[in-house]
Visitor: 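Let me begin by handing over the structure; questions about it come next.
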Amino acid sequence: MLSIALASAAYAAKDNDVADHWAVLVAGSSGFGNYRHQADVCHAYQIFKRAGVPESQIITLAVDDIAHSSENPFPGKIFNQPTAAGVPGVDVYAGCVIDYSGTQVTPETFTKVLTGDATGLNGGKVLKSTSSSRVFVNFVDHGGVDIIGFPETTMHAKELVGALQTMNTKQMYKELVFYLEACESGSMFLNLPANIRIYATTAANAAESSWGTYCMPDDMVDGKHVGSCLGDLYSVNWMQDTDKALPSETLGKQYERVKQLTTKSHVLQFGDETITSEPVTAFEGDGPAAVEAAPQCYAMCSSLPTMFKCLSFSPCAQCSECQTVEEDSASAAASLPSADAALSSAFHRFITTGSDKAATELMRGVQARQLAKTRFDAISRKVANRAAVELDAYDNIEHDCHFAAYKAYKETCGEWDVEALVHSTTLAKLCKHTRGDSREITAAMKSVCA
């Protein structure tokens, strides 16, 4: 108890003026096969809302095509965690306010929200944070080397870091924390300055996939298969940790805990690591629910012989509202590489239900994957005389060359879809091969995609 008191006193002394909290939550995908991304983001929304962050200061971007999809066996509901038969589970979609949906979910909207630029957003919410604010950003989607995805397009690391630097220049935060769920997400913050009071963690390093969890056959809620992965391993791990965290838990402790639990990929941290000494509540909300209700419920339930977890977000004070679960169940559940999750979902739904929509998703996904593979193999052969180019160090990416080649691909071959994102690694390898000169790569793209 003394260590908790000392930690609280140190935090209070450091921050006599209580900073206001802001959160930006983004699910960058669409389609029922990517169910998990919107489930993650709506779970995050519930965390911030429960912890006392005003809903006017939570800004959410999601296509919003999952809850009411014809493929959803629970119309109007979304779940981020499985439950046993007879246990209804938590509908994270209930009360999840989505500010930008459908075609509004773009890099341009995201950038405007982050930088407080309401131009062209028809009165939509943007950050109105100040130099005394603490801002939390959570982005969940597909990704690649130096790239994160949106429903119809993508965003490059140079653009993302540029937006964060603009926020710093405009003094839009006291400190900012960014949790990023995407494949190769460790590449996105390699050029993040360490002196602009931003701390970031990622689901994976720059050379590996992130992973979906609670996938088939562990996608069951109340005895019924959802037909898609319910969450992402890194995201579920940090949110489940927050759900049961004591007020004294620091960002550093959460990072170590999530790193330990996320066994399929390598969780990394970037930027100003001095921020890790601060409590999670400094960024994820320090209202009454954060410091009283959730820990009390967890303490009550965990006093029983087995590990329990709360099933209601607020209030959470009755053990009748808790469910027996295995410790670290997300890590033990069926999981899939993020790039394979949507195809696996489509296959599962087609086999089990005969869904025409799932059949179309499956065929289009396979065709897109084969097209991307053929295309990038051809580009590699033209640049390096072979289909595969070796790259040892992913922490030394030629970012300028990669950005130029990334833009050239969009202009010549079309938008980066999910299947092409896997091959963003090829651009990093080719930029190493050409010593940072993008011209030969660009010429190869024009030849192949013409």
Side-chain angles (χ1 to χ4, degrees), residues 15 17-28 40-64 96-141 148 150 155-181 188-189 192-193 195-201 242 251 270-272 275 278 280-287 290:
D15 199 23
D17 56 327
V18 177
D20 61 321
H21 298 93
W22 292 79
V24 178
L25 313 174
V26 184
D40 291 339
V41 161
C42 279
H43 186 174
Y45 188 96
Q46 304 293 352
I47 286 174
F48 287 97
K49 179 180 176 180
R50 183 190 70 205
V53 178
E55 290 185 81
S56 61
Q57 293 175 202
I58 308 172
I59 306 174
T60 308
L61 289 74
V63 171
D64 197 15
C96 177
V97 178
I98 297 173
D99 300 290
Y100 298 96
S101 61
T103 58
Q104 296 174 306
V105 184
T106 66
E108 292 75 23
T109 302
F110 182 40
T111 299
K112 286 178 180 291
V113 167
L114 288 179
T115 59
D117 179 7
T119 305
L121 295 182
N122 299 319
K125 289 159 64 175
V126 298
L127 283 178
K128 296 181 180 179
S129 49
T130 69
S131 59
S132 65
S133 303
R134 284 194 170 88
V135 178
F136 188 100
V137 182
N138 179 214
F139 187 98
V140 185
D141 191 27
I148 51 176
F150 284 79
M155 186 179 200
H156 197 270
K158 287 178 72 70
E159 296 167 319
L160 177 60
V161 173
L164 297 175
Q165 289 175 313
T166 297
M167 293 180 69
N168 178 60
T169 300
K170 296 174 70 171
Q171 299 184 344
M172 293 184 64
Y173 59 86
K174 180 174 185 174
E175 292 167 327
L176 185 150
V177 169
F178 199 127
Y179 280 18
L180 176 57
E181 172 82 59
M188 294 299 294
F189 296 117
L192 178 68
N195 62 351
I196 60 173
R197 306 179 312 286
I198 293 179
Y199 169 69
T201 80
T242 298
L251 287 169
F270 301 88
D272 186 352
I275 295 175
E278 297 183 27
V280 169
T281 53
F283 295 89
E284 297 174 20
D286 56 4

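If you're wondering where the values come from, they're calculated on a predicted model, not measured in any experiment. Worth knowing before you read on, the calculation uses all heavy atoms, side chains too, and leaves out hydrogens, waters and symmetry mates.
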Visitor: What pairs with Gln171 under side-chain contact (heavy atoms from CB on, under 4.5 Å), at least two apart in sequence or on another chain?
Guide: Ser131
Visitor: Please check: side-chain N/O of Gln104 versus main-chain N/O of Ser101, any donor-acceptor pairing under 3.5 Å?
Guide: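 Yes.
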Visitor: Between the main-chain N or O of Ala282 and the side-chain N or O of His21, is there a donor-acceptor pair closer than 3.5 Å?
Guide: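 Yes: the side chain of His21 pairs with the backbone of Ala282.
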Visitor: Going by side-chain contact (heavy atoms from CB on, under 4.5 Å), name the residues that satisfy it together with Glu108, two or more places apart in sequence or in a different chain.
Guide: Thr106
Visitor: So, the side chain of Tyr100 versus the backbone of Lys125: is there a donor-acceptor pair under 3.5 Å, distance only?
Guide: yes
Visitor: Just by distance, no angles: are the side chains of Asp117 and Thr115 close enough, under 3.5 Å, to form a donor-acceptor pair?
Guide: no
Visitor: Please find the pair of heavy atoms, one from Trp22 and one from Ser56, that lie closest to each other, and give the distance.
Guide: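 Result for this residue pair: CZ3-O, 4.1 Å.
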Visitor: Is it true that a side-chain atom of Thr130 and a backbone atom of Ser132 form a donor plus acceptor pair closer than 3.5 Å?
Guide: yes
Visitor: Taking Asn138 for the side chain and Leu25 for the main chain, is one N or O donor matched with an acceptor at less than 3.5 Å?
Guide: no
Visitor: Side chain of Lys49, backbone of Glu55: donor and acceptor closer than 3.5 Å?
Guide: no
Visitor: Please list, chain by chain and in numerical order, all residues satisfying side chain to side chain donor-acceptor pair (under 3.5 Å) with Thr201, sequence neighbours excluded.
Guide: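 Checked Thr201 against side chain to side chain donor-acceptor pair (under 3.5 Å); matches are Tyr234.
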Visitor: Please check if the side chain of Ser129 supplies one atom and the backbone of Met172 the other of a donor-acceptor pair under 3.5 Å.
Guide: yes
Visitor: Let me know which of Val137, Thr111, Leu192, Ile148 forms a side-chain contact (heavy atoms from CB on, under 4.5 Å) with Leu160.
Guide: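 Considering Val137, Thr111, Leu192, Ile148, a side-chain contact (heavy atoms from CB on, under 4.5 Å) with Leu160 is found only for Ile148.
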Visitor: Ignoring hydrogens, what is the shortest heavy-atom contact between Val41 and Thr60? Give both atom names and the distance.
Guide: CG1-CG2, 3.7 Å
Visitor: Between Glu278 (side chain only) and Ile275 (backbone N and O only), is there a donor and an acceptor less than 3.5 Å apart?
Guide: no
Visitor: Would the distance check show the side chain of Thr109 and the main-chain N or O of Val105 forming a donor-acceptor pair, the cut-off being under 3.5 Å?
Guide: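 No, because the side chain of Thr109 does not come within donor-acceptor range (under 3.5 Å) of the backbone of Val105.
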Visitor: I want to know whether Phe48 and Phe136 have ring centres closer than 6.0 Å.
Guide: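 Between Phe136 and Phe48, which both carry aromatic rings, the centre distance is below 6.0 Å.
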Visitor: Hey, do the aromatic rings of Phe150 and Phe139 have their centres closer than 6.0 Å?
Guide: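 Between Phe139 and Phe150, which both carry aromatic rings, the centre distance is below 6.0 Å.
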Visitor: Salt bridge or not between Arg134 and Glu175? Use side-chain N to carboxylate O under 4.0 Å.
Guide: yes
Visitor: Keeping Asp272 on the side-chain end and Ile198 on the backbone end, is there a donor-acceptor pair under 3.5 Å?
Guide: no
